[in-house]
Amino acid sequence: MSQTVDRALSILPLLAEGPADLGQVADRLGVHKSTALRLLRTLHEHGLVYRQSDQRYRLGARLFALAQEAMENLDVREIAHPHLVRLNESCGHTVHLAVYEENEVLYIDKVESRYPVRMYSRIGKPVAITVAAVAKLLLADLPEHERRAIAEKLDYPTYTSRSTPNAGAFLRELEKVREQGWATDLGGHEESINCVAAPVRGADGRVVAAMSVSAPNVVVTADELLTLLPLVRRTADAISGEYSGRTPVKGTE
């Protein structure tokens, strides 16, 4: 039975490459055509493959519907939270998870710092989109024309001397973040608060959320906070793997 299931499932990646006829399927599986036909008929009955008029097979609409339903039911916050807690326990600083929704970047989860001096933020509150590290990651992943359109519509408040001054500077920063795969806010929103962030990606490689570690200067310097970047990125990669289904559920190192 397990061999039959394995063979049937092996057909799906083949058809993901494009339509294939019975002979191609049988050759790829290393089985007789009659065996391949039985497997294809079973998958066809469940809507996972479809037989075209030219007698070639392709992936069926039911497979796409199942994938879409699974994606819609995924809760990135639920998946990420245990990882955020472990990261917080490791470094002691405030950890955030944020998403981009309806032209705003919002915190959807937070684990508080163990230190008495900490940054103020709350779940559900929009971030300062022109300076926040999580915002840079989420916007940097958008297509160029969308990034440019957003940048040109934004206001650029001078929160501090390090705040992003204008659309041109913002777009250059987003391009840098897009290339390096991580972001910082070193006193851009509050002079005394620094932040490092990394992206959480879905199965298609697109950024679905961003997570960050933030701390005040009186607790840790900007340079010291930057030493946590490898840990932050490993945590984000662990969340990405679990969210996308690439890796089994397990704890972050």
Side-chain angles (χ1 to χ4, degrees), residues 71 74 76-77 79-80 83-84 87 94-110 119 121 123-160 162-190 193-215 222 225-244 246:
M71 289 301 297
L74 277 178
V76 68
R77 179 186 179 277
I79 291 171
H83 297 273
L84 304 184
L87 177 59
T94 301
V95 181
H96 286 108
L97 183 71
V99 296
Y100 180 59
E101 290 184 356
E102 298 180 358
N103 299 316
E104 290 185 322
V105 175
L106 307 168
Y107 290 131
I108 60 171
D109 201 3
K110 176 183 181 181
M119 72 171 288
S121 62
I123 295 174
K125 181 181 179 181
V127 309
I129 198 167
T130 59
V131 292
V134 289
K136 294 173 187 177
L137 282 165
L138 290 160
L139 296 183
D141 191 61
L142 298 175
E144 183 179 359
H145 69 279
E146 289 187 40
R147 299 199 304 269
R148 187 167 297 277
I150 291 170
E152 291 173 352
K153 291 178 183 178
L154 291 173
D155 294 324
Y156 294 86
T158 305
Y159 301 107
T160 76
R162 298 187 184 93
S163 298
T164 309
N166 52 54
F170 191 49
L171 287 169
R172 288 192 295 274
E173 178 70 6
L174 293 185
E175 185 60 34
K176 175 184 175 183
V177 167
R178 187 181 178 91
E179 291 177 1
Q180 68 188 16
W182 51 274
T184 62
D185 170 15
L186 304 179
H189 187 219
E190 298 179 56
I193 301 293
N194 298 306
C195 175
V196 294
V200 175
R201 300 182 184 275
D204 59 358
R206 298 296 304 274
V207 176
V208 296
M211 53 151 299
S212 65
V213 171
S214 304
L225 188 67
L226 284 169
T227 65
L228 294 175
L229 181 58
L231 177 59
V232 174
R233 297 185 75 180
R234 286 200 301 271
T235 302
D237 288 345
I239 297 169
S240 300
E242 190 173 333
Y243 181 80
S244 65
R246 294 194 304 270

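Counting from 1, the numbers follow the sequence of the chain as shown.
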- Minimum-distance pair of heavy atoms, taken over all atoms of G202 and S244: C-CB, 3.7 Å
- Query: So, do E173 and K176 sit near enough that their side-chain heavy atoms are less than 4.5 Å apart?
  - Reply: yes
- Item | Close side-chain approach of D141 and Y100, heavy atoms under 4.5 Å | no
- Are the side chain of S212 and the backbone of V134 linked by a donor-acceptor contact shorter than 3.5 Å? no
- Where do Y156 and A151 come nearest, in terms of heavy atoms and distance? OH-O, 2.6 Å
- Query: What distance do L106 atom CG and E101 atom CD have between them, rounded to the nearest 0.5 Å?
  - Reply: 6.0 Å
- Does E144 CD have over 12 foreign heavy atoms under 6.0 Å away? no
- Which of parallel (below 30°), tilted (30 to 60°) and perpendicular (above 60°) describes H189 and Y159? perpendicular
- Task: Rounded to the nearest 0.5 Å, what's the gap from CD1 on I150 to CG on L171? Could you check?
- Result: 10.0 Å
- Message: Give me the atom names and distance for the closest heavy-atom approach of V208 to R201.
- Response: CG2-C, 4.2 Å
- Item | Residue pair I239 / L84, side-chain heavy-atom distance below 4.5 Å | yes
- Message: Please check: side-chain N/O of N194 versus main-chain N/O of G187, any donor-acceptor pairing under 3.5 Å?
- Response: yes
- Query: For I108 and V76, what are the C-alpha separation, side-chain angles and deciding distance, and is it a side-chain contact (heavy atoms from CB on, under 4.5 Å)?
  - Reply: CA-CA 9 Å; I108 60 171; V76 68; 4.0 Å; yes
- Query: Shortest non-hydrogen contact from A140 to R178?
  - Reply: O-NH1, 2.6 Å
- Item | Contact check, side chains of E104 and I129, non-hydrogen atoms, under 4.5 Å | no
- Message: Quick one: does any side-chain atom of R147 pair with a main-chain N or O of L139 as donor and acceptor, under 3.5 Å?
- Response: no
- Close side-chain approach of E242 and H83, heavy atoms under 4.5 Å: yes
- To the nearest 0.5 Å, tell me how far L231 CG sits from L87 CG. 5.0 Å
- Query: Is a side-chain donor or acceptor of S163 paired with a backbone partner of T158 at a separation under 3.5 angstrom?
  - Reply: no
- Message: If we ignore hydrogens and angles and just use 3.5 Å, is the side chain of K125 paired with the main-chain N or O of Y107 as donor and acceptor?
- Response: no
- Note on the structure: For K110 and I123 the tightest heavy-atom approach is N-CD1, 3.9 Å
- Query: Roughly how far, to the nearest 0.5 Å, is the CZ atom of R206 from the CG atom of L138?
  - Reply: 11.0 Å
- Query: Could you give the distance from CG (L154) to CD (E152), rounded to the nearest 0.5 Å?
  - Reply: 10.0 Å
- Look at the side chain of D155 and the backbone N and O of P157, then say whether any donor-acceptor pair between them is shorter than 3.5 Å. no
- Distance (rounded to the nearest 0.5 Å) between R162 CZ and D185 CG: 9.5 Å
- Item | Shortest non-hydrogen contact from V131 toward K136 | O-CE, 3.2 Å
